Amino acid sequence: MTEQLVLSTGEAVLFWVLAPLMVLGALALLFARRPVHIAVSIAGVMVALAVLYIALEAPFLGVAQVVVYTGAVMMLFLFVIMLVGVDSTESLTETLAGQRWIAIVGGLGLVALTIAIVTRATFASPVGLEAANADTNPVGVARLIFGDYVFPFELTAALLITAALGALVLSHRRRLGPKRGQRETVEKKLATFAESGSATAVVSAPGPGVYARTNSADMPALAASGETLDASVTTVLRVRGQVLRDEEAAAQTGRVAMIASGAPVFDTTDEAQLEDETSEIEATATESEGAEGAEGADPAGSDHADRDDAGDSSPETDEGDER
Amino acid sequence: MTLVHYLVLSGILFSIGAVTVLVRRNALVAFMGVELMLNAANLMLVTFARMHGDLHGQVIAFFVMVVAAAEVVIGLAIIVSIHRTRGSASLDDANLLKN
């Protein structure tokens, strides 16, 4: 069998560099946890596919692959993940017994089968697209699309319009009540305020953070009565379990409860605790001059590098004022 | 290194996509598996186009891309609307017809 098409060494190198990367990226579909990671790695797989298309003498399809898949499809996926995916935790309970193992065995069998078929089949000697791409590849593809395939191409237009309309219909939310504008919202708020007399009906929801110790977004605000206000932390952090550590919140709660109990705080604490607190204040002050805050020892603290270092030292002086 | 290597790669990618659809419960992830299967099929079409020196394979791959784009739009809209009504993006939770 005489090979008419000789693949260059460069193409072999390209293939052997890209193919393992693509398989690794695709395996993220099976093993990665977060949908965002999966989407990004699949986008990488699609870029690599585009490169392979160009190597396979299909530059038009390569460009279309980048534009359509990585540019449109995967970005659409990312948008939808942002809409729904943050708390889309995956349940690991099997609803069908043994389904996972059967699927994995079946997948391995499919790999073996396709490889066996592809490697054992005898193909005619590869021709290559030199002749077909004589007038450049896009011209050749266009001749076919607007020649033999005009009718399917026209149908494609109908398909795309139908898809666009379908997306509009599916994501349309029917309005069930009358439209609520700014005026209606205000009137409703004030009506509840008049009824209940509680100020929370009118004011906005509390923001996260406690001025006395930390203002980071993962620290729930404290009510005047001392308990933490869960509503002040964004849902995303709550779902991820990144709300500030319990002991930190508990310390804040206890402190506020002491202050709220009326008497000056120092009068209710004994001398030893006072000593402890002052040394803690000094430690905090020295540590806060370093790169890390007082929570540097806390493993969770590294996640919150955005925390204001000044916020660690200034609260103690505020406390001093209160005392 | 022959064109058969491309076909093997395409088969591996297709199988990974198929197993993903079977194993993962997150609707978005399963949907990405479908996309990977479509792409693997495209790779095979393009490879065969080169093998036979015939651009028809590339044209079919082009149509697959167009249909996949339309399918993604509709599929994601369905996922979003199910998430809106049922509060979940898990494939197991969409069982209204069963119960």
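Protein chains get the first letters and strands the later ones, always in sequence-line order, with residue 1 at the start of each. It should be emphasised that the depicted structure is a prediction, and the values quoted were computed from it without experimental measurement.
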Under 4.5 Å heavy-atom distance to chain B, tell me which part of [X] shows up: side chain, backbone, both or neither.
{"X": "A/V45", "answer": "side chain"}
{"X": "A/Y149", "answer": "both"}
{"X": "A/A121", "answer": "neither"}
{"X": "A/M74", "answer": "side chain"}
{"X": "A/A72", "answer": "neither"}
{"X": "A/A43", "answer": "neither"}
{"X": "A/Q65", "answer": "both"}
{"X": "A/A64", "answer": "both"}
{"X": "A/Y69", "answer": "side chain"}

Under a 4.5 Å heavy-atom cut-off, does chain A meet the side chain of [X], its backbone, both or neither?
{"X": "B/H52", "answer": "backbone"}
{"X": "B/I82", "answer": "neither"}
{"X": "B/Y6", "answer": "both"}
{"X": "B/L3", "answer": "both"}
{"X": "B/L55", "answer": "both"}
{"X": "B/F63", "answer": "side chain"}
{"X": "B/V21", "answer": "neither"}

Among [options], single out the residue with the greatest number of heavy-atom pairs under 4.5 Å to chain B.
{"options": "A/L129, A/N133, A/L110, A/L168", "value": "A/L129"}
{"options": "A/I104, A/V68, A/I145", "value": "A/I145"}
{"options": "A/A142, A/A39, A/A131", "value": "A/A39"}
{"options": "A/I102, A/L49, A/T9", "value": "A/L49"}

Over 12 non-hydrogen atoms of neighbours within 6.0 angstrom of CD in A/E130: no

